[in-house]
Structures are given as C-alpha cells and as structure tokens.
2 protein chains.
Amino acid sequence: MNWKELFPQFEPALLEQLEKEGVERNFRAGDVIMRTGQYIKSTVLVLSGRIKIYRENEEGSEFLMYYLGPGEACAVSMICTLQSQTSEVMAQAEEETEVLMLPVQLMDQLMNEYKSWYQFVIRTYRSRFDELLTVVDNIAFRNMDERLEFYLIRYVKNTGNKQIELSHQQIADDLNSSREVISRLLKKMEQRGRVKLQRNMIEWLS
Amino acid sequence: MNWKELFPQFEPALLEQLEKEGVERNFRAGDVIMRTGQYIKSTVLVLSGRIKIYRENEEGSEFLMYYLGPGEACAVSMICTLQSQTSEVMAQAEEETEVLMLPVQLMDQLMNEYKSWYQFVIRTYRSRFDELLTVVDNIAFRNMDERLEFYLIRYVKNTGNKQIELSHQQIADDLNSSREVISRLLKKMEQRGRVKLQRNMIEWLS
DNA sequence: CAGAAATGGTGACCTGTATCACATTACCCC
DNA sequence: GGGGTAATGTGATACAGGTCACCATTTCTG
C-alpha cells in the first residue's frame with residue numbers, strides 16, 4: 001500500500017527508514033492486535049481501517065476508550081522505551097485494517113534523529129491523553145443516554161457514515177452496559193427523531 | 001530549597017539550567033495552581049508537598065484523577081510544545097507545596113539536549129497515562145465501596161500517614177458522590193474493622 | 001428446509017446510589 | 001459556658017440502570 005501520503009509531515013529520510021524497517025500487516029475485522037498483559041514488541045501505525053482500543057477487566061467486561069484511524073498511532077506502544085513493558089489495553093481491528101509495525105528498539109533513534117517524528121509522538125500522546133480525559137468525563141459526569149449519544153456521534157464521525165452497522169449488544173459491550181438498556185434508550189431516541197432503527201443498523205438523522 | 005537530590009537522574013548541566021531558568025513558587029493548602037481553560041505558560045515540577053489533579057464539569061462537580069508528589073511533574077504541562085494550549089484539568093495544592101516552574105519554551109531545548117530529561121518526560125507521561133487508565137477502570141467497573149477503599153489506600157500511600165485528615169464531604173467531592181453515601185460506606189467499613197472513624201479523621205487499620 | 005443462533009422488544013423486579021429532611025454531636029470562639 | 005457552625009448519623013424516598021424471563025423475528029447453517 002502506498003501509505004506515505006498519510007504522513008506528509010515526515011521527512012523523506014524518515015519515510016524511507018520506516019519503509020525499510022517497518023513491517024506491513026493486515027488484520028480482518030475482529031482480529032485482536034494486542035491484548036492486556038502482552039509484551040509490546042512493536043509500535044503500531046494505522047495505515048487503513050480502524051482499530052478500537054479498549055479496557056478489559058477480570059470478568060471479561062469491556063470498556064471502549066477510543067478508535068485509531070489512518071495516520072494515527074497507538075500512544076501506549078510508542079512510549080515503552082524500556083523494553084519488555086506490557087500493554088495495559090486491548091487493541092482490536094474494527095474492520096479490515098492495515099498497519100505498519102515498527103520495532104520498539106527503533107523509537108529512541110527516530111526520536112533523536114527526526115524532529116517530525118518527535119512532534120508526531122508528542123502530538124499523539126497529547127491527543128490520546130485528551131481523549132482519555134473525555135472518557136473520564138463521560139463516565140464520571142454523564143448518564144447512559146448522553147453517553148450513548150456521544151458514542152453514536154463519535155462513530156459517525158470516525159467512519160464518515162451515518163449508517164451505524166452495530167447490534168445493540170455490541171454497543172452495550174462497548175459502553176459496559178446491557179443490551180436491554182441500550183435497546184430502550186435507542187427506542188427513546190427514535191421517538192425523539194434522532195435515529196432510525198433497523199436490524200443491525202442504526203441510521204443517524206440530523 | 002535544596003531540591004536537586006529529588007532528581008538524581010538529571011545531569012549536572014541540566015540541574016544547573018533548571019535552577020537558572022526555573023522559578024520556585026510556594027502554594028498554601030487549597031491554592032489553585034492551574035484551572036481548566038487557562039493557558040499553560042509553564043511546566044510544573046513538584047519539589048515538596050502534594051498537588052491534586054482533577055477534572056471539573058460545567059456544574060462545578062469535581063472528579064479527582066491523581067496526586068503529584070515531590071519529584072513528579074504535571075504531564076499535561078510538559079507536552080504543550082505548541083504555545084497557547086489550554087489546560088484540560090484543575091491543579092490544586094493539597095497541602096503546603098513548593099514547585100519549580102519552567103517556561104514551556106524551554107521544553108524543546110531540554111528535550112533535545114538532555115537524554116535524562118527526555119527519559120523523564122517519557123516516564124512521566126507513561127505513568128500519568130497508566131494512572132488515568134486505573135481511574136477509568138475504577139469508575140467503569142467498580143462500585144462506590146471499592147472506589148472508596150482504593151481512594152483511602154492511595155491517600156495513605158501518598159501521604160505515608162494512616163491518619164486520613166479529611167471530612168466525609170471532601171471525600172465525596174473527590175469521588176463525585178455525596179456525603180451521606182460516603183458516611184454510610186465508611187460506617188460499614190468501620191464495622192468490618194477496616195477503619196476507625198473520628199471527626200475530620202479516618203484511621204486506616206491493617 | 002428445519003432447527004439453531006442471533007437480534008431485538010418488553011414487562012417485572014432489584015440494587016446502588018443520589019437526594020431530602022432532620023437529628024445529633026463535636027468543636028470553636030466570644 | 002453558651003451559642004453558632006461544621007461534621008456526622010440516619011430514615012424515607014426517588015430514580016437510573018442492571019437483571020431476569022420470555023417472546024417474536026430474522027438470519028445462518030447443516
């Protein structure tokens with residue numbers, strides 16, 4: 001894949017090194033890319049598709065934090081300069097996804113040699129941190145109906161598609177809620193004219 | 001104050017520059033050091049005391065994220081290379097606190113010139129991120145009784161003091177709960193022999 | 001094509017926690 | 001030491017959201 005245009009801010013030399021030392025990998029929808037407790041051996045740059053980053057607890061409940069799209073990188077995996085750090089989160093392909101994997105040993109050198117890489121890391125970390133803050137806000141201060149609305153809006157923004165192809169169960173899992181609750185709230189949203197419900201699909205109106 | 005021993009990992013040249021360009025400031029318990037929406041003009045290194053970093057919503061409810069102690073730094077304020085970024089969080093002195101404030105313009109240079117500073121920034125960001133993940137876990141997966149216990153344990157660890165000098169109201173604010181709920185849960189914990197309750201003080205047993 | 005599985009709808013009920021109202025206790029200070 | 005105030009205790013009630021039971025419909029699969 002011709003991914004270089006995804007990173008127009010990178011110097012040519014950096015792009016070349018990424019191409020030489022990185023490995024492209026493909027994942028299908030649903031593939032788990034990284035799991036909690038696993039050692040981080042490479043930094044992940046998303047080339048196409050979409051990855052969801054979520055937290056899992058002991059009982060297997062999930063909690064969605066955010067998505068990574070093309071041109072974005074997994075913050076957690078960029079900062080483990082110390083080798084043999086383990087992941088604190090799960091990463092799973094939401095759709096057909098291509099990524100570039102870079103050995104973590106490379107990070108220090110890239111950081112020192114390329115201003116644009118350094119900027120990229122800083123910006124990545126900063127924006128993931130901000131996104132996490134938003135997550136905290138949502139669960140700390142908002143009710144499920146507001147959180148659901150936020151979830152749907154974010155989905156539409158990320159996919160650029162007003163047809164949300166998810167079952168109520170999937171949404172409930174992402175929000176660590178239950179299907180019945182989500183179904184009822186969606187029904188209410190439909191009555192208020194915000195969405196249109198179909199099987200395996202929610203159409204976002206307005 | 002002689003704070004250099006707080007950062008034994010820093011090169012002498014770095015310490016010298018920090019001393020020359022940084023400004024020491026004192027805050028009394030309760031002083032707000034940074035508020036949401038405020039422009040970040042300096043990076044904060046904690047020299048003594050304790051700062052709490054929390055999130056505030058529109059209605060004025062609070063939600064504690066974590067504490068910063070001596071030798072630690074505010075991650076948010078380290079990464080705003082782009083000038084005129086605003087803070088997303090509140091920072092408030094929990095007790096008499098001394099900090100070293102460094103102009104943000106300095107960050108780029110320190111980052112490039114001192115390996116140990118670079119390591120420090122990375123480690124700071126990484127550990128704040130992890131702490132935030134723990135926060136997310138707590139509110140997403142745990143009930144108030146567990147969250148309260150986590151809160152008390154963290155307090156004891158941070159202060160090194162089993163006498164927790166807080167009113168129930170303060171705790172309720174930090175956890176975005178209400179006083180009555182906290183009082184009742186504390187009472188239960190006392191019955192189970194985990195704490196001993198006194199006015200304005202909770203003694204952590206075991 | 002039949003049976004299984006996934007999806008969604010709905011009512012009854014339960015639990016955790018927020019809220020309100022008010023009583024009690026401890027402490028401070030003139 | 002008495003009055004005021006902050007901290008705490010406690011019952012009653014309200015409500016969001018989780019759980020259970022069950023049913024209907026659609027889709028998948030052998």
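Below, chain A is the first sequence line, B the second, and so on; all start at residue 1.
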Next on the checklist: Over all strands shown, is B/Asp145 touching base, sugar-phosphate only, or nothing at heavy-atom distances under 4.0 angstrom?
Outcome noted: nothing

Next on the checklist: Heavy atoms only, 4.0 Å cut-off, all strands: where does B/Ser178 land among base, sugar-phosphate and nothing?
Outcome noted: base

Shortest side-chain distance from [X], nucleotide among [options]:
X	options	result
B/Val181	D/dG9, C/dT10, C/dT19	C/dT19
B/Glu180	D/dG18, C/dT19, C/dT7	C/dT19
A/Ser167	D/dG17, D/dT10, C/dG8	C/dG8

What integer distance in Å separates [X]:[atom1] from [N]:[atom2]?
X	N	atom1	atom2	answer
A/Arg184	C/dG11	CZ	C1'	8 Å
A/Ile182	D/dG17	CD1	P	9 Å
A/Leu185	D/dA16	CG	C1'	10 Å
B/Glu165	D/dA7	CD	C1'	15 Å
A/Gln169	D/dT19	CD	P	11 Å
A/Asn176	D/dG17	CG	P	13 Å
B/Ile202	D/dT8	CD1	C1'	11 Å
B/Arg142	C/dT17	CZ	C1'	18 Å

### Task
Indicate the ring-plane relationship of B/Phe7 and B/Trp3, choosing parallel, tilted or perpendicular according to the 30° and 60° boundaries.
perpendicular

What orientation do A/Phe141 and B/Phe63 show, parallel under 30°, tilted 30 to 60°, or perpendicular over 60°?
perpendicular

How about B/Phe129 and A/Tyr125: are their ring centres within less than 6.0 Å of each other?
yes

If you go through the side-chain atoms of B/Arg199, does one of them form a donor-acceptor pair with the base of D/dA6 closer than 3.5 Å? yes

For [N], does OP1 or OP2 lie under 4.0 Å from any side-chain N or O of [X]?
X	N	value
A/Ser183	C/dT7	no
A/His168	C/dA6	no
B/Lys187	D/dG9	yes

Contacts of A/Leu175 and B/Gln170 projected onto DNA chain D by closest heavy atom; the upstream (5') one is B/Gln170

Return yes if a side-chain donor-acceptor contact under 3.5 Å exists between A/Gln169 and A/Asp173, otherwise no.
yes

Report task. Would you kindly say whether B/Ser87 and B/Gln38 are connected by a side-chain donor-acceptor distance under 3.5 Å? Result -> no

